[in-house]
Protein chains: 2
Amino acid sequence: MHRYSIKEVAKKAGVSISTVSRVLNNSAPVSDELRARVEKAIKELGYYPSNIAKSLRKGRTGTIGFILPDITNPFFANVVRGAEDYLRKKGYTLILCNSDQDKDQEVQLLETLISKHIDGLLFTGTGEFNSLLVEKIEKGLKVVFLDRIIKGINSSYVIVDNREGMNILIDYLIKTGHKHFVFINGNKETFSARIRYETFIKKMNENKLRFKHYFTNFSYEAGYKFAKKLQTIPDAIICGNDLIAYGVIDAIEEKGYKVPDDVSVTGFDDIPFSRHYKPPLTTVRQPMYEMGKKAADLLLKIVEGKKELNKGVVLVPELVIRESTKELVK
Amino acid sequence: MHRYSIKEVAKKAGVSISTVSRVLNNSAPVSDELRARVEKAIKELGYYPSNIAKSLRKGRTGTIGFILPDITNPFFANVVRGAEDYLRKKGYTLILCNSDQDKDQEVQLLETLISKHIDGLLFTGTGEFNSLLVEKIEKGLKVVFLDRIIKGINSSYVIVDNREGMNILIDYLIKTGHKHFVFINGNKETFSARIRYETFIKKMNENKLRFKHYFTNFSYEAGYKFAKKLQTIPDAIICGNDLIAYGVIDAIEEKGYKVPDDVSVTGFDDIPFSRHYKPPLTTVRQPMYEMGKKAADLLLKIVEGKKELNKGVVLVPELVIRESTKELVK
DNA sequence: CTGTTAGCGCCTTCAT
DNA sequence: ATGAAGGCGCTAACAG
């Protein structure tokens, strides 16, 4: 696509390039006379400023990178939406990268983004330690970790209080008479899965409850497969996220049991569908859109030097009781 | 983040910047001796080339823009995934923009992307005529329209054969004994909604069937609300997409009817959830991932001058029969 | 208020 | 095989 430069605008308007730049950016006073001529020339040529030249000059690109596992997961889609809405409003643009939980992919994407001079990075990683990332952060790369923290990396982050989420969930289940638990968790490497695991175990032991725990991955299929081969049906099956819960419910019902009559099933996330699932899912709501927005906000503050470095934001989850759980006792 | 430039690498290695550039790009022979020194310097400094300077110099950025209504819609999330996977493999990067079906937003995003020197644009628009877009296309902006074409704009596109999709769907419903139809369609301005509408009407008239048709929008809520106020229950409710169908099913069941026993309900898209819905949804499958991939492929060919301008790709939809429809006659 | 100029980091002739 | 220099489009410092 042919593009005109500031030079051609200047020529057409019969002024110097600085004058054009000045009207473009309102960076210094320009007489009405010249301003009018420049504006006319800009319009006639259909001139658009080149952000690429501007970036080179200014050292900033107005672009933020976002590395996440998979946009196809509604959880991330909603987080991204929150981030993009905010960034757009602030004049930034978002480069989206799916890493598929692959460490090498992640490293490569990071290199690409750095070469593209992103001003900052939103990062939802595999959970594995990433030495390149650490190195870059030490060299001043602005990063906000989103939903998943990596142990040993000191940076800003936005997460949900998983401990609290698990606590209110289990408290509710205990209160309603559940005594025997199975927890079908997500990816082991993942920060949130680990926290939930720890909290779960602690709760179980504290209350001397019978339980089993398994790590799988955050997908419908994982939940389905796992539930299919479950030998004994507990009072409640806690799932690492809503997708797993969907799979579990379907598998359980195929085995001839009823949810929640024979077994309660819970999720984590509250993706938009969960309220429409059959049965509507009892789950721990994570403020997805808010997370994305908050992370973008935090990142821009850091990028723009407002000194919010190494700040952690912990959002509170909320228990949403629907119809996939029953009250065993009143 | 501090960055080193080619200049500093050159200095450290004791060579000229041209030599560094040559080893970086393998653009001309360099003696093993110097090459080794340069590579050493690069490593020690942690040097990364600046794509931004490169872009300025070369006039290409390796960045593709994607304007779409809403990434939160699983249909688009899957399309985007197809596109991003392909682009990434080819060394390109994707800027994601949600337009929310807002015409002004769309125009503004387009301006931003042009300023960012995107090499090409994937466009799933509101469906309204966009004169800025036309102007830019005429000036050489590379665009591939995805899923939605705009009347009066001549460009490349990737769509699904909606006519065919509607035909096979209705043929199936007729064959299975449905005689009275309601079509709850999506956004009126939308290319696919219009085509489906026309095809639907034609089919109904050809077969002298009783029917009603309504435009709403492509959401669960729209389907739910509309079905709630339905006076008479037809044999089949055809929905503009799967989300609408979910809403319809829920509303219908709340009214005390059974799907499919009292009424068949069909969707359009086959988003990943539809196979797990209760009842699993009979729908017209659109190859979402494939669409994104194909569009990206086509766009890159155009961008790289392989003369595929104004080529249209029409993918074939597929009828997926599940349990939200019944066979009234054998 | 306006114009001239250096330089952001890189690639690419053009010499040597 | 290597180096020097121009220029991509822009902003900002400087001069007037």
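Lettering follows sequence order; numbering is per chain, from 1.
As judged by a 4.0 angstrom heavy-atom cut-off over every strand, B:L34 is placed among residues touching the sugar-phosphate backbone only. B:S18 comes within 4.0 angstrom of a base, heavy atoms only. Contacts of B:R3 with the nucleic acid, taken as non-hydrogen atoms under 4.0 Å apart, are absent.
Taking atom CG of residue A:N25 and atom C1' of nucleotide C:dT2, one finds them 16 Å apart after rounding to whole Å. Straight-line distance from the CZ atom of B:R37 to the P atom of D:dT2: 9 Å, rounded to whole Å. The distance between atom CD of A:E33 and atom P of C:dG3, rounded to the nearest whole Å, is 11 Å. To the nearest angstrom, P of D:dG9 lies 7 Å from CG of B:L56. If you measure from atom CG of A:D32 to atom C1' of C:dC1, you get 12 Å, rounded to the nearest angstrom. Taking atom NZ on B:K58 and atom C1' on C:dG9, their separation rounds to 14 Å, with Å as the unit. For the pair B:I17 CD1 and D:dG6 C1', the computed distance is 11 Å after rounding to whole Å. Atom C1' of nucleotide D:dC10 and atom CD of A:E8 are separated by 14 Å, given to the nearest angstrom.
In this structure, A:D70 CG and A:T124 OG1 are separated by 12.0 Å, a value rounded to the nearest 0.5 Å. Remark: B:I71 CD1 to A:F76 CZ distance equals 13.0 Å, nearest 0.5 Å.
Salt-bridge check for A:D297 with A:K293: failed, with every basic side-chain N at 4.0 Å or more from each acidic carboxylate O. At a threshold of 4.0 Å, the pair A:K40-A:E44 counts as salt-bridged, since one of the basic side-chain nitrogens sits closer than that to a carboxylate oxygen.
Of the candidates C:dC10, C:dT2, C:dG3, the closest approach to any side-chain atom of B:I6 belongs to C:dC10. Comparing C:dC10, C:dT5, C:dT2 by their nearest atom to the side chain of A:R22 picks out C:dT2. Each of D:dT2, D:dC10, C:dC10 was ranked by its minimum atom distance to the side chain of A:Y47; first place goes to D:dC10. The side chain of B:S50 lies closest to C:dC10, out of C:dT13, C:dC10, C:dT2.
In this structure, B:T19 does not reach the D:dA1 phosphate: none of its side-chain N or O atoms is under 4.0 Å from OP1 or OP2.
A distance below 6.0 Å separates the ring centres of B:F145 and B:F123.
Residue B:A28 is the one, among B:A28 and A:N51, whose nearest nucleotide of DNA chain D lies closer to the 5' end (criterion: closest heavy atom).
Side-chain atoms of A:S27 stay outside donor-acceptor range of the base of D:dA12, with no qualifying N/O pair under 3.5 Å. Between the side chain of B:S21 and the base of C:dT12, no donor-acceptor pair under 3.5 Å is found.
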